[in-house]
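These figures come from a predicted structure and were not determined experimentally. We use all heavy atoms of the structure for the numbers below, so side chains are in, but hydrogens, waters and symmetry mates are not.
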Amino acid sequence: MATLVFEGETKIFLEEFHDYSGPGRKHAGFYNPVLEIDRDLNVLFCRYIAKKGAKKFLDGLASSGIRGIRIAREVDGDIEMHINDCNPKSYEIIKKNVEINGVSAYVYNKHFCSVVQEKKYDYIDIDPYGSPIPFLSCIFKALKKLTYISITATDTATLCGAFDKACIRKYQAIPLKKHSVKEAGLRILIGYMARQAGSFDYSFKPLIGYSYGHFFRVYAKIEKGARKSNENIKNVGWVGWKNGWKLFEYDELDKSFIAGPLWIGKIYDKEVIDEISQIVDKKKLNKKEKLKKMLAHFKEEESLPPLYYETRYIAKEIKTAQPKIERLIKKLKNKGYKAGKTHFMSDAFKTDAPYDEIKRLFG
Ligand SMILES: C[S@@+](CC[C@H](N)C(=O)[O-])C[C@H]1O[C@@H](n2cnc3c(N)ncnc32)[C@H](O)[C@@H]1O
């Protein structure tokens, strides 16, 4: 049934509304309510980059047009919005939604790769069904010296090790299979982007990377320059389990227990999180409280090491009950270690404590 949905300051006409709780089913004018929280974050991120000078924005896989239209309506300043979808019916829906919202936007009915070959953008949004890989190879010829980008991946089962062969084939990386699979999956996606960027003499710096429901999303900055790219690629490495998590560069690697290559550097930029956290309160958003909680998690995780420990596995190994996460974190901090919760899982924590110490403090 045709309906209007309201997000932020934007209303969107849909020919059909489906209350999906997962990835949903492909159709013209596709709209997934689960991603509203990301579209909120997307608007705040675009406000941040507009303040930094970004002017020309592309919503490359737009469907109903909701992302691009929200950016056009809710980001202040002198920006130019371009919205594209290759589906002719989606194209008509986007034009209608642009009109309903009274925003100014260029609307295209083209293949993503031809749009990015024709014009250069300061911000490119890639929000596909499933894997973003088909859309990544064409962007590097089309970038400015500095381009902001955001990428969604909903092929999380592949990245998280349920289909390891597909992960090796598509992302050229070995996924983790048990502990910390969500964060490792996200880091494989970021690592893949950094390697692709490196091959075209670009650096790829994640500013916010996170997991929510059925998707991963990465907001990043891509910059031209071989020197920057050389520095950047040092953040691509391997992880393995050896009495606790360890990070390895390639040459240090014992190749018998590995996952990677993946991103081993930071996945949050403190300045971006702080700026966005300051403006979130001033915005009209349906998911404001959830988003604030998420941003608080990112802020905490920014200072913590990569990967997390899941209490259920440790409890099983040492044959004890799962402790309260808050109490365990307090104990670790009292001993002088870094420790905190993670947005990836509610029964997991991050710490720089050695694994033997974690087990000692577990009871
Ligand atoms: C997941 S939907 C986008 C959802 C939308 N960004 C949102 O936030 O609601 C993916 C869209 O990509 C479009 N698409 C798929 N392949 C494309 C291509 N090569 N070029 C342009 N659009 C494409 C599909 O028609 C579909 O509308």
Side-chain angles (χ1 to χ4, degrees), residues 21 34 37-38 41 156-157 159-162 175-190 206 208-218 239-247 259 262-270 273-274 276-277 280 287-363:
S21 55
V34 180
I37 194 158
D38 180 68
L41 179 60
T156 49
L159 286 158
C160 296
L176 280 179
K177 279 197 151 299
K178 195 175 166 190
H179 299 252
S180 206
V181 295
K182 283 191 183 178
E183 186 170 341
L186 175 67
R187 286 176 177 279
I188 285 175
L189 172 66
I190 299 172
I208 299 176
Y210 76 103
S211 150
Y212 186 89
H214 66 284
F215 68 88
F216 291 149
R217 180 98 163 147
V218 183
V239 296
W241 182 269
K242 196 176 183 188
N243 199 24
W245 295 117
K246 301 280 182 295
L247 304 181
L262 46 68
W263 183 260
I264 57 173
K266 284 194 178 282
I267 56 176
Y268 303 105
D269 182 284
K270 195 170 174 310
I273 309 280
D274 285 347
I276 288 179
S277 304
V280 66
K287 301 269 185 272
K288 189 187 282 192
E289 290 315 310
K290 257 192 182 167
L291 182 58
K292 281 167 70 175
K293 215 168 143 189
M294 209 158 85
L295 286 164
H297 266 304
F298 300 164
K299 208 168 175 169
E300 184 175 15
E301 289 179 55
E302 190 275 331
S303 62
L304 294 171
L307 302 182
Y308 52 84
Y309 292 93
E310 290 173 51
T311 53
R312 61 191 166 134
Y313 289 128
I314 304 172
K316 201 168 164 197
E317 184 189 330
I318 60 174
K319 298 186 177 50
T320 186
Q322 284 179 246
K324 275 222 150 49
I325 291 269
E326 289 78 6
R327 245 190 41 215
L328 180 62
I329 288 172
K330 205 166 164 194
K331 282 188 191 174
L332 287 160
K333 282 183 172 169
N334 286 344
K335 287 269 180 188
Y337 298 111
K338 287 184 182 175
K341 288 193 187 182
T342 170
H343 81 280
F344 286 102
M345 291 192 85
S346 55
D347 66 343
F349 59 98
K350 285 171 167 276
T351 183
D352 60 355
Y355 191 53
D356 287 339
E357 182 76 322
I358 296 172
K359 286 191 284 189
R360 255 195 305 278
L361 296 175
F362 217 65

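The pair Glu310-Arg312 counts as a salt bridge, with a side-chain nitrogen and a carboxylate oxygen less than 4.0 angstrom apart. Here Lys299 does not pair with Glu302 in a salt bridge; the nearest charged N to carboxylate O distance is not below 4.0 Å.
Side-chain N or O atoms of Thr156 include none that pairs as donor or acceptor with a backbone N or O of Phe215 at under 3.5 Å. The backbone N or O of Asp347 lies less than 3.5 Å from a partner atom in the side chain of Thr311, making a donor-acceptor pair. Without hydrogens or angle criteria, Lys350 side chain to Pro305 main chain gives a donor-acceptor distance under 3.5 Å. The backbone N or O of Lys338 sits less than 3.5 Å from a side-chain atom of Thr351, completing a donor-acceptor pair.
Contact check for Phe344 versus Glu301: side-chain heavy atoms found under the 4.5 Å cut-off. Within the 4.5 Å cutoff, no side-chain heavy atoms of Leu304 are placed close to those of Thr342. The shortest side-chain heavy-atom distance between Tyr355 and Glu317 falls under the 4.5 Å cut-off. Here the side chains of Asp356 and Lys359 are in contact, with some heavy-atom distance below 4.5 Å. Taking the side chain as every heavy atom from C-beta outward, Ile267 and Val218 never approach each other to under 4.5 Å. Residues Tyr309 and Leu328 form no side-chain contact, since every pair of their non-hydrogen atoms from C-beta on lies 4.5 Å or further apart. Within the 4.5 Å cutoff, the side chain of Glu300 has no heavy atoms near those of the His343 side chain.
In this structure, Trp241 and Trp245 have perpendicular ring planes: the angle between them is above 60°, well past the 30° mark.
Annotation for Lys290: atom NZ does not count as buried by contact number, only 12 or fewer foreign heavy atoms lying within 6.0 Å. Other residues, nucleotides and ligands contribute at most 12 non-hydrogen atoms within 6.0 Å of the NZ atom of Lys293.
Considering all non-hydrogen atoms of both residues, Lys182 and Cys160 come closest at CA-SG, 3.9 Å. Across every non-hydrogen atom of Ala339 and Leu332, the tightest pair is CB-CB, 3.7 Å.
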